[in-house]
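In what follows, a structure is listed as structure tokens, so that the remarks can point back to it.
Within every chain, numbering begins at 1; the chains are lettered A, B, ... in the order of the sequence lines, protein sequences first and strands thereafter. No hydrogens, no waters, no symmetry mates; every other heavy atom, side chains included, goes into these values. All of these numbers come straight from a predicted model, not from anything done at the bench.
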Amino acid sequence: MQSAWVSLRGASFGYGGQAVVSGINLRVEPGSFLGITGENGSGKTTLLRGILGLLAPLSGSVDRRTRSMGYVPQREHLDSVYPLTVEEVVRMGAYGRLSGLRRLGHDERELARTSLERVGLLHRQRELFARLSGGQRQRALIARALVMRPDVLVLDEPTSGVDAQAQDRILGLLDELRRETPLAILLVTHDPEPARLFLSAVLSVGGGTVRELSPEESVLGVR
Amino acid sequence: MEVTWAEIWELFHFALLAALLAGFVCPLLGCFLLVRRTGFYGVALPQFAAAGVSLGYALLPWWISTVGIGGLDLRTALETPHAIETYLLGWASITTLGGIFFLALLGRRRETEAGWVAAGFAVAGAATILLGLSSPVGDEFVHGLLHGELLIVGLHEFETIAAVFGLVLVLFLLFHKDLLLVSYDRETALVLRKNVRAIEVLLAVLVGLTVSVGTLILGPVVLFGLLVLPPLAAHGMARSMGSFYWIASLLGIGSALLGFYASIRVDWPLGPSVVAAAALGLIPGCIGSLRRG
């Protein structure tokens with residue numbers, strides 16, 4: 001069996017020593033497409049931060065075998081006052097590998113270009129990111145995450161606030177990525193229903209813990 | 001008698017070069033203040049720095065008698081530019097960095113932040129005048145501030161501003177990508193293992209250094225104008241982040257040149273002339289913003 005990119009064993013995460021979610025056992029396998037769902041304030045973001053390594057576990061253990069993680073934040077968190085082009089936003093994905101005066105090399109520029117092509121936005125690379133529609137911005141952020149050369153791609157509510165057509169395009173794109181590469185995908189969403197056909201499992205966060213929903217619960221959207 | 005441009009250059013070239021340098025560097029940092037939605041810091045911080053300079057003047061006699069400045073007496077210290085500027089720069093830096101810390105704390109209380117910044121600006125403005133006038137040696141500084149004249153910029157002042165602004169520029173270029181990433185998307189910067197806290201401190205230090213040295217040598221009026229106006233004008237015209245920086249800096253340099261020209265031709269004080277020239281850039285900036293929608 002191929003080893004998991006991320007393994008959580010009895011892990012608890014929280015703030016100021018207070019656990020928000022605890023006793024979590026989870027393996028993020030290559031090629032898996034996991035949905036994480038739960039009500040507002042249930043601890044989805046806390047779990048996400050724990051998986052990303054932004055929070056140390058309060059107890060239990062976290063084993064990461066990734067070289068890099070890709071992260072797609074909620075697009076509402078990105079201020080539209082920045083006059084960034086789509087290309088400038090996508091190239092930020094390479095900033096983790098750059099320091100000081102080192103400029104983006106040919107490989108990084110080419111990776112940004114192919115990532116934009118992959119999400120169908122190469123023709124809009126010179127436009128202002130803030131002028132794109134919600135779905136297009138989300139795809140541009142996925143392209144940026146791909147430039148991070150991730151083993152695990154973590155997306156925070158990528159389908160909220162976009163129309164059904166854009167939702168289908170984003171989910172279809174993620175499914176293609178997962179099939180073509182050993183990339184594992186974690187999708188945080190308050191509504192897993194539109195994604196259920198693509199997801200290998202749905203984890204429900206609530207009551208301070210995480211449990212895997214059965215296929216029936218997942219289909220019915222039961223928490 | 002008509003004064004030739006050669007004579008004007010001979011008399012004022014250090015002031016012009018310092019204004020040009022400020023015109024290039026200040027808008028770069030102003031761009032960050034604007035997109036981080038802290039543009040009002042560009043007005044408040046130079047006033048905090050000016051209050052620091054006045055405080056330094058007010059405390060100077062006491063400082064010399066108790067702490068000392070290289071064993072100099074009051075008269076000799078005032079006649080030694082290096083000694084007095086280093087001393088005043090220390091006070092300007094303390095009040096500017098203190099102001100940044102104060103504003104960062106208030107930034108957590110978004111709903112009243114603007115009110116506190118306005119209050120800080122008003123108090124610092126009054127303190128600048130009152131402390132300066134209460135000092136037996138600070139009234140010339142206050143007089144210069146009120147009239148918006150660039151304080152006399154000689155070789156030493158130019159060397160100071162060139163060294164500090166040069167350092168700020170190098171650090172800005174070195175860490176620009178990190179500054180942008182942390183400002184735009186803090187969470188992703190953390191995922192990419194950036195030292196976010198250190199980068200935010202670096203930005204505060206760059207702004208603090210620029211404001212304190214710029215205010216001490218060029219006065220707060222020029223700093224207000226160059227930190228705020230060119231970035232605001234450039235924002236309406238920019239079609240990328242890269243062009244945003246370039247347009248802002250070019251407008252800053254153009255403002256310094258045009259302000260200097262107007263100051264000589266019309267005999268206006270240089271500080272307000274630079275700001276008036278920078279304000280002209282707002283016209284195409286406004287048109288660009290309206291067209292962009």
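For chain B, no part of A/V154 is nearby; none of its heavy atoms comes within less than 4.5 Å. Neither the backbone nor the side chain of B/S243 comes within less than 4.5 Å of any heavy atom of chain A. With a 4.5 Å cut-off on non-hydrogen atoms, A/R49 touches chain B through its side chain but not through its backbone. Of the two parts of A/L54, only the side chain, counted from C-beta on, holds a non-hydrogen atom closer than 4.5 Å to a non-hydrogen atom of chain B.
Panel note: side chain B/E187, backbone A/Y71; no donor-acceptor pair is recorded below 3.5 Å. A donor-acceptor pair is defined here as one N or O able to donate and one able to accept, closer than 3.5 Å; no such pair exists between the side chain of A/H77 and the backbone of B/R186.
Once rounded to the nearest 0.5 Å, the distance linking NZ of B/K177 with CZ of A/R103 reads 7.5 Å. For the atom pair CE (B/M241) and CZ (A/R91), the distance works out to 15.5 Å, reported to the nearest 0.5 Å. Put simply, OG on B/S240 and CD on A/E127 are 13.0 Å apart, with the number rounded to the nearest 0.5 Å. From B/D178, atom CG reaches atom OH of A/Y95 across 9.0 Å, with rounding to the nearest 0.5 Å.
Annotation: B/F101, atom CZ; neighbour count of heavy atoms from other residues, nucleotides and ligands within 6.0 Å does not exceed 12. Around the CD atom of A/E180, the shell of radius 6.0 Å holds more than 12 heavy atoms that belong to other residues, nucleotides or ligands.
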message: Using the rule given for side-chain contact (heavy atoms from CB on, under 4.5 Å), can you reason through A/R97 versus B/L192, listing the C-alpha separation, both sets of side-chain angles and the distance that settles it, and then say yes or no?
response: CA-CA 8 Å; A/R97 298 189 292 277; B/L192 292 175; over 6 Å; no

message: Checking B/D185 against A/R75 for the salt bridge (charged side-chain N to carboxylate O under 4.0 Å, His left out) test, could you report, in this order, the C-alpha distance in whole Å, the side-chain angles of both residues, the deciding distance, and whether it holds?
response: CA-CA 10 Å; B/D185 188 354; A/R75 64 181 186 285; over 6 Å; no

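B/R239 is not listed as a side-chain neighbour of A/P83, based on a closest heavy-atom distance of 4.5 Å or more. Between A/M92 and B/T188, every side-chain heavy-atom pair lies at or beyond the 4.5 Å cut-off.
The two residues B/Y184 and A/D79 have their closest heavy-atom pair at CE1-O, 3.7 Å. Of all non-hydrogen atoms in A/G96 and B/K194, the two that sit nearest each other are CA-CE, 4.0 Å.
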